[in-house]
Amino acid sequence: DTAVSQTPKYLVTQMGNDKSIKCEQNLGHDTMYWYKQDSKKFLKIMFSYNNKELIINETVPNRFSPKSPDKAHLNLHINSLELGDSAVYFCASSIRDRDTEAFFGQGTRLTVV
Amino acid sequence: AQKVTQAQTEISVVEKEDVTLDCVYETRDTTYYLFWYKQPPSGELVFLIRRNSFDEQNEISGRYSWNFQKSTSSFNFTITASQVVDSAVYFCALSENTGNQFYFGTGTSLTVIP
């Protein structure tokens with residue numbers, strides 16, 4: 001069974017479109033994250049949710065809107081896509097007790113053309 | 001300020017050589033957690049090891065070993081007798097006691113040449 005699964009794995013879309021990336025974890029974790037990995041491989045936190053509550057919202061354009069319908073899901077919706085949004089987006093989860101690692105999804109490679 | 005620094009951007013070694021990846025972190029918390037992740041060319045992020053700030057015992061696991069030194073705020077990772085399959089980007093990460101996120105270094109790209 002996949003621990004953290006995100007779909008789709010690849011997403012190619014035109015500028016101006018709206019798209020969503022879904023993430024689900026079956027580990028019983030209480031905290032979920034979205035990270036963005038740019039072309040230089042730098043991993044930057046975008047959002048962090050604990051028990052469905054937003055606890056981190058880094059400087060991200062408000063075109064990006066996360067939604068957590070329950071503790072096991074954290075979806076990412078992106079409006080009016082721009083070329084600069086092209087990146088790999090990773091979903092992750094962990095337990096709030098800090099002595100645990102984050103488990104990552106396989107990543108979604110978003111390409112905006 | 002960068003909380004996790006991986007000064008080595010790219011390293012190339014010949015197969016069977018040993019290689020050490022450096023990681024220096026910065027935090028004011030007395031309780032914190034350190035991690036190493038591997039990202040092979042296929043793109044997934046694979047967890048390798050975690051350490052908490054109270055556990056400075058170094059560890060060896062097969063060809064991998066880790067050296068945690070609080071005095072120098074370093075958490076280095078060594079691969080002994082490197083193999084081509086070790087070629088990947090390696091990330092060091094830090095989680096603080098507030099625990100709201102994992103801070104990642106910029107990664108070290110390791111290439112093992114056959």
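Here is how names work: the chains are called A, B, and so on, in the same order as the sequence lines, proteins then strands, and each is numbered from 1. Owing to the predicted nature of the structure, the values given are computational and were not obtained by experimental measurement.
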[X], [Y]: one ILVMFWY side-chain cluster at the under-4.5 Å cut-off?
{"X": "B:L48", "Y": "A:V4", "result": "no"}
{"X": "B:V85", "Y": "B:F77", "result": "no"}
{"X": "B:W36", "Y": "B:V89", "result": "no"}

**Request:** Could you give me the CA-CA distance, side-chain angles and deciding distance for B:F104 and A:F42, then say whether ring-ring contact (aromatic ring centres under 6.0 Å, His included) is met?
**Result:** CA-CA 8 Å; B:F104 283 85; A:F42 184 57; 8.9 Å; no
Hey, does [Y] have a side-chain heavy atom less than 4.5 Å from the side chain of [X]?
{"X": "B:Y37", "Y": "A:E101", "result": "yes"}
{"X": "A:L43", "Y": "B:T106", "result": "no"}
{"X": "B:F91", "Y": "A:Q37", "result": "yes"}

Nearest 0.5 Å, what's the [atom1]-[atom2] distance between [X] and [Y]?
{"X": "A:S94", "Y": "B:Y33", "atom1": "OG", "atom2": "OH", "value": "11.5 Å"}
{"X": "A:F103", "Y": "B:L45", "atom1": "CZ", "atom2": "CG", "value": "13.0 Å"}
{"X": "A:F47", "Y": "B:Q101", "atom1": "CZ", "atom2": "CD", "value": "13.0 Å"}

**Prompt:** So, for A:Y33 and B:F102, is the gap between ring centers shorter than 6.0 Å?
**Reply:**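 Under 6.0 Å, so yes.
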For the [atom1] atom on [X], are there more than 12 heavy atoms of other groups (residues, nucleotides or ligands in this structure) within a distance under 6.0 Å?
{"X": "B:I60", "atom1": "CD1", "value": "no"}
{"X": "B:K38", "atom1": "NZ", "value": "yes"}
{"X": "B:K16", "atom1": "NZ", "value": "no"}

**Request:** Any pair with a residue in residues 8-27 of chain B that passes ring pair (Phe, Tyr, Trp, His ring centres under 6.0 Å), sequence neighbours left out, goes on the list, sorted by first then second residue, please.
**Result:**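 Applying ring pair (Phe, Tyr, Trp, His ring centres under 6.0 Å) to every pair that reaches into residues 8-27 of chain B, excluding sequence neighbours, yields B:Y25-B:Y32.
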**Message:** Using heavy-atom distances under 4.5 Å, tell me whether A:Y35 contacts chain B through its side chain, its backbone, both, or neither.
**Reply:**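 Only the side chain of A:Y35 comes within 4.5 Å of chain B.
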**Message:** Out of A:K41, A:K40, A:K44, return the one with the most heavy atom pairs under 4.5 angstrom to chain B.
**Reply:**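 The answer is A:K41.
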